[in-house]
Amino acid sequence: MTPRGKFITVEGTEGVGKTTNLEYIKSWLQRNKIDFIATREPGGTPLAEQLRDLLLQPRNDETVAENAELLMVFAARAQHLNQVIKPALESGTWVLCDRFTDATYAYQGGGRCMDQATIAILENLVQGDLRPDAVILLDVSVQIGLARARGRGELDRFEQEDVAFFERVRAAYRSRADGNSSYHVVDAGQELDRVQQQLAIVLEQLGKRWLP
Ligand code: Z5A
């Protein structure tokens, strides 16, 4: 029987360098000849990408209800899981995902102060017992992260939030990582080559644990 693929997610607040560092992780997977797909949340299928557009688009016509936002995040996730993530893992393919449910605990739970228990109910409903095998949390101060992200031009609906919102997002991420061995926290406030030296150590640990 083919062993299940590994499920790695990459998380962090705005401007933390996910896009840049995902490329580094992909090159490690390629060097190790691991069969993998790279995907993202919200998104990863045509329907889920449409939901992503709706979630990120700034709206002047109405305020998005917090529950509506939460359900859209999980609707996109349900589609992504059923169509992409679960089939890949079951066929032995590894999945590298740019954000997953930790982002919901951080943005909707921390940022929007929504009830964590409600998020957990939806997590169980949509995912069953599927959880990432490893979560790489790129951690940077909100000040540095926002300065990097806001150099990119037009802001999406989340990027328009204030500093206090992102402080809560960061605190929620750090609290989930605290004392949990599936989480690998990387100090992403340093120069890029120093960040990638830390990532290399994390990947080496995962390789030792998972590769033959
Ligand atoms: N969201 C949610 O609310 N609930 C959920 O459950 C999920 C998501 C799954 C879209 O995510 C939004 O969805 C997100 C939360 C919400 N909020 N927002 N916005 P996204 O991941 O697509 O969006 P993003 O957070 O803006 O990520 P990004 O576009 O991938 O950007 P990034 O992580 O900040 O990475 P970057 O583009 O690689 O880096 C930003 C800049 O910094 C860039 O110019 C780099 O060259 C530079 N950089 C990177 N690293 C360094 C270092 N070390 N030094 C100096 N400069 C650096």
Side-chain angles (χ1 to χ4, degrees), residues 1-14 18 22 36-57 59 62-138 156-158 161 165-166 168-185:
M1 201 173 106
T2 317
R4 177 184 168 281
K6 297 295 180 193
F7 184 21
I8 303 173
T9 63
V10 179
E11 299 278 359
T13 47
E14 309 308 299
K18 278 186 302 94
L22 275 159
F36 74 97
I37 57 163
T39 185
R40 69 172 181 180
E41 290 221 343
T45 82
L47 173 61
E49 288 289 333
Q50 284 179 342
L51 287 165
R52 176 193 178 89
D53 289 345
L54 291 173
L55 277 161
L56 265 55
Q57 193 179 91
R59 302 198 76 93
E62 62 186 341
T63 305
V64 179
E66 288 176 353
N67 273 345
E69 179 177 291
L70 180 66
L71 290 168
M72 282 165 72
V73 163
F74 271 106
R77 182 161 300 137
Q79 186 69 16
H80 190 205
L81 275 166
N82 285 305
Q83 204 169 308
V84 176
I85 297 178
K86 282 189 194 165
L89 294 175
E90 279 157 20
S91 72
T93 300
W94 290 29
V95 175
L96 175 63
C97 195
D98 181 347
R99 297 195 187 280
F100 192 62
T101 306
D102 283 286
T104 314
Y105 282 102
Y107 282 80
Q108 282 66 48
R112 304 247 186 264
C113 305
M114 294 189 78
D115 181 23
Q116 306 268 336
T118 306
I119 299 174
I121 290 168
L122 292 170
E123 179 181 36
N124 290 328
L125 178 79
V126 168
Q127 296 169 221
D129 59 5
L130 181 69
R131 300 289 181 275
D133 296 296
V135 179
I136 298 177
L137 174 59
L138 300 171
D156 69 32
R157 201 169 58 80
F158 290 95
E161 293 293 340
F165 176 91
F166 291 108
R168 291 194 299 276
V169 171
R170 183 183 184 211
Y173 269 132
R174 285 161 65 104
S175 123
R176 285 182 67 72
D178 199 20
N180 187 327
S181 61
S182 303
Y183 290 71
H184 304 269
V185 183

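Reckoned from all heavy atoms, side chains included, excluding hydrogens, waters and symmetry mates.
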| Note, L122 side chain near L71 side chain (heavy atom, < 4.5 Å) | yes
| task | Measure across V185 and A177 and return the closest heavy-atom pair with its distance rounded to 0.1 Å. | result | CG2-CB, 3.7 Å
| Which heavy-atom pair separates A76 from P42 by the least distance, and what is that distance? | CB-CB, 4.4 Å
| field | Approximate separation, where rounding is to 0.5 Å, of T9 OG1 and I136 CD1 | value | 8.0 Å
| message | Contact between D98 and V10 at the side-chain level, heavy atoms closer than 4.5 Å - yes or no? | response | no
| said: Could you tell me if the side chain of Y183 sits less than 4.5 Å from the side chain of D178, heavy atoms only? | reply: no
| request: Output the distance between atom CZ (F74) and atom CD1 (I119), rounded to the nearest 0.5 Å. | output: 7.0 Å
| message | Run the side-chain contact (heavy atoms from CB on, under 4.5 Å) test on Q127 and F100 for me, step by step, so that the C-alpha distance in whole Å, both residues' side-chain angles and the decisive distance to 0.1 Å come before the verdict. | response | CA-CA 11 Å; Q127 296 169 221; F100 192 62; 3.5 Å; yes
| remark: Closest non-hydrogen contact found for Q83 with P46 is NE2-CD, 4.2 Å
| Geometric class of the Y107/Y173 ring pair [parallel <30°, tilted 30-60°, perpendicular >60°] | perpendicular
| request: Might you point out which heavy atoms bring E41 and I85 nearest each other, and give the distance in Å? | output: OE2-CD1, 4.3 Å
| said: Determine whether F7 and K86 satisfy the following criterion, side-chain contact (heavy atoms from CB on, under 4.5 Å), listing intermediate values before the conclusion. | reply: CA-CA 10 Å; F7 184 21; K86 282 189 194 165; over 6 Å; no
| query | What pairs of residues pass the salt bridge (Lys or Arg N to Asp or Glu O under 4.0 Å) test when at least one of them lies in residues 44-56, not counting sequence neighbours? | reply | R40-E49
| request: Could you grab the distance from atom NZ of K6 to atom CG of L96, nearest 0.5 Å is fine? | output: 15.0 Å
| said: Just verifying a value: how many Å separate N180 CG and D102 CG, rounded to the nearest 0.5 Å? | reply: 8.5 Å
| field | T118 OG1 to N67 CG distance, which is reported to the nearest 0.5 Å | value | 7.5 Å
| said: Show the nearest heavy-atom pair for residues D133 and S182, with the distance to one decimal. | reply: O-CB, 4.0 Å
| Any donor-acceptor N/O pair, R59 side chain to L56 backbone, under 3.5 Å | no
| field | CZ-OG distance between R168 and S175, expressed to the nearest 0.5 angstrom | value | 14.0 Å
| field | Any donor-acceptor N or O pair under 3.5 Å, side chains R77, T104 | value | yes
| message | I'd like to check the side-chain contact (heavy atoms from CB on, under 4.5 Å) partners of V84; sequence neighbours left out, ordered by chain and number. | response | I37, T45, H80
| Looking only at heavy atoms, what is the nearest atom pair of G110 and A172, with distance? | CA-CB, 3.9 Å
| query | Would you say E11 and Y105 make side-chain contact, with heavy atoms under 4.5 Å? | reply | no
| Contacts of E69 that satisfy side-chain hydrogen bond (donor to acceptor under 3.5 Å, both in side chains) - sequence neighbours left out | Q108, R112, R157
| task | Mark yes or no for whether R99, through its side chain, and G12, through its backbone, hold a donor-acceptor pair below 3.5 Å. | result | yes
